Q: 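Right, I'll just put the structure down here and ask away after.
The basis for the numbers below is simple: all heavy atoms, side chains too, and nothing from hydrogens, waters or symmetry mates. Everything numeric here is computed off the predicted structure, so don't read it as measured data. In the text below, chain A, chain B and the rest are named by the order of the sequence lines, each starting its count at 1.
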Amino acid sequence: MNRLVLAAVWLIPSLASAEGQWALEQSTLSYHISHPLHQVDGVSHAARGKGSCHAGQCDFLIAAPVKSFDSGDSNRDLHMLQVARGAQFPLVTVRVRLPEDAASSPTIYADLEIEFAGQTAHYKQVAFQHTTQGNTTKISGTIPATLTDFKIDPPSLLAIPVKNEMPVRVEMTWRPM
Amino acid sequence: MELYTNGRTRIAIFATGIFALWAWGAAPLRAQAAGAVLSGTITASGTTVANAKVTAKNNATGQTAEAQTDNAGLYTISNLPPGEYTISATAEGFNEQTANVTIAASPQKLDVSLAAAGAPSLKDLGFSPDQTQGSAQDQARLDKRSHMLKIHQRLGLITAAPLLATVLTANGAAGRKGTASGRDLHATLGSITAGMYFTTAYFSVFAPKVPGTTTRGPIRLHRFLAWIHGPGMILTPALGALAFEQRSKGERIHGIASAHGAVAATTAVAYGLAILSVSVKF
């Protein structure tokens, strides 16, 4: 499917320091879809992201082209692009706002705002693990997205629709700018 | 009672009637000319934004229409002629957010989410306009493609039934126990199969192509197998007709017609594999 999407989050812990900016260095976003005959994982490494901290708050934006998700099957990817209205809404974006000291523990709980397929969905208190290595911060977690969150009709194979759940695994590496 | 006999009165009644008919008939036309209605909610971080300014700009004419959100964050813009629009929303303390929509029917809904001022925007991420702006035409092409391929998939599965039945009745047509009625049944089922097969193929062959797509995955095997069962579906009925004629004359099946069974079996196997290739993960 589409494909789909999504996204991410960020975070920066020890950056609790100054007002600064962060850039997404590397990312792997992967959606998972289940069907009785198939388990599909679509992966994108094309996300771009930026974080901006000001007055104790950090705003992060991550975006990826919907068509960049690759499941290894071009026919399925085109179908996912269609059901996700990816030609009309070519980007999936994730916005996160966190206090600068949010990363004081290994697990960050973030409220996400995701725009995808022309719809906006909000996810509260999604857990992300983060580790800091040198100058970079790695963030990983899973967004519990569903097809109905974005009003996507479940694609079907042999007249059997895929499951509504579409968890999105997020792995990102951020560095200060 | 000169009311209806007076000339001026008759003219007045006639004119009033004409006007009423014109007004009644013109009402729907005026409604159409009034254009579509675009409405939606402006939010930020999940909460509605009041007094946000929403602007709809017609990409073709450059004409703009504006609205402001109420206390519930709702906006409505009326009288929008059909076309491609750039919708922008902005509010104090937030970055401007834009979206592209195609106005085609009334009413249409578009919700916009704003980001706090100073927060990164898509421009900051370096996406080009081509990457951020959607295309209604491209989406329509994708929709048509998926629609046709869904029909292709369903018809393909349905076609497997008469195909299987045709194979199962082969023995009654040409085997030792072959009979005239068995041949008729086999030929009828084969004709139905061929008709459904080519109808199925039509929805795949003529589905819109998406430029720049590199074929990957099981669909490659599916397409390769089509090069076997496609010609097979042409040859099998042709050879079958020859065999039918020979058997009807009381002759043994001979010559090229004797390949009918082998070609049919190859075709049926390739067809079955083509279904499996996109149904089951190997």
Q: For B/Q153 versus A/L157, what's the shortest heavy-atom pair and its separation?
A: NE2-CD1, 3.4 Å

Q: Highest number of heavy-atom pairs under 4.5 Å with chain A: which of B/V112, B/T132, B/I275?
A: B/T132

Q: Hey, what do you get for OG (B/S121) to CZ (A/R95), rounding to the nearest 0.5 Å?
A: 8.5 Å

Q: Heavy-atom pairs under 4.5 Å with chain A are the metric here; pick the option from B/Q131, B/Q139, B/Q137 that has the most.
A: B/Q139

Q: Is it the case that over 12 heavy atoms from other parts of the model lie below 6.0 angstrom from the OH atom of A/Y109?
A: no

Q: Could you check which of B/G156, B/G126, B/A136 has the highest count of heavy-atom pairs closer than 4.5 Å to chain A?
A: B/G126

Q: Verify the neighbour count for atom NZ of B/K123: are there more than 12 heavy atoms of other residues, nucleotides or ligands below 6.0 Å?
A: no

Q: Are there over 12 heavy-atom neighbours, none belonging to B/E92, within less than 6.0 Å of that residue's CD?
A: no

Q: Under a 4.5 Å heavy-atom cutoff, which of B/D143, B/T214, B/L149, B/L125 has the most pairs with chain A?
A: B/L125

Q: With a 4.5 Å heavy-atom cut-off, do A/Q88 and B/L142 have their side chains touching?
A: no

Q: Does any heavy atom of chain A fall under 4.5 Å from the side chain of B/A44, the backbone, both, or neither of them?
A: backbone

Q: Which distance, rounded to the nearest 0.5 Å, do you find between the CD of B/Q97 and the OG1 of A/T93?
A: 7.5 Å

Q: Answer with side chain, backbone, both or neither: which region of B/Q133 has an atom nearer than 4.5 Å to a non-hydrogen atom of chain A?
A: backbone

Q: Looking at every non-hydrogen atom in both residues, tell me the closest pair between A/D70 and B/R216 and how far apart they are.
A: OD1-NH2, 2.9 Å

Q: Under the rule for salt bridge (Lys or Arg N to Asp or Glu O under 4.0 Å), what residues qualify as partners of A/K138, not counting sequence neighbours?
A: none

Q: So A/H79 and B/K150, do their side chains get closer than 4.5 Å, heavy atoms only?
A: yes

Q: Look up atom CD1 in B/I219 and atom CG in A/D77, then write down how far apart they are to the nearest 0.5 Å.
A: 11.5 Å

Q: Ignoring hydrogens, what is the shortest heavy-atom contact between B/T213 and A/S74? Give both atom names and the distance.
A: CG2-CB, 4.3 Å

Q: Among B/P218, B/S146, B/A119, which has the most heavy-atom pairs under 4.5 Å with chain A?
A: B/S146

Q: Could you tell me the separation between the CD atom of A/E113 and the OG atom of B/S113, rounded to the nearest 0.5 Å?
A: 2.5 Å

Q: How long is the straight-line distance from CG of B/L122 back to CZ of A/R48, given to the nearest 0.5 Å?
A: 10.5 Å

Q: What is the distance from atom CD of A/Q119 to atom CG of B/L110, rounded to the nearest 0.5 Å?
A: 9.5 Å

Q: So which part of B/R141 gets closer than 4.5 Å to some heavy atom of chain A, the side chain, the backbone, both or neither?
A: neither

Q: Taking every heavy-atom pair that is under 4.5 Å apart, which of B/P120, B/A140, B/G134, B/G217 has the most such pairs with chain A?
A: B/P120

Q: Are there more than 12 heavy atoms of other residues, nucleotides or ligands under 6.0 Å from atom CD of B/E96?
A: yes

Q: Looking at every non-hydrogen atom in both residues, tell me the closest pair between B/D124 and A/K50 and how far apart they are.
A: O-NZ, 3.4 Å

Q: Please say whether more than 12 non-hydrogen atoms of neighbouring residues, nucleotides or ligands are located less than 6.0 Å from NZ in A/K151.
A: no

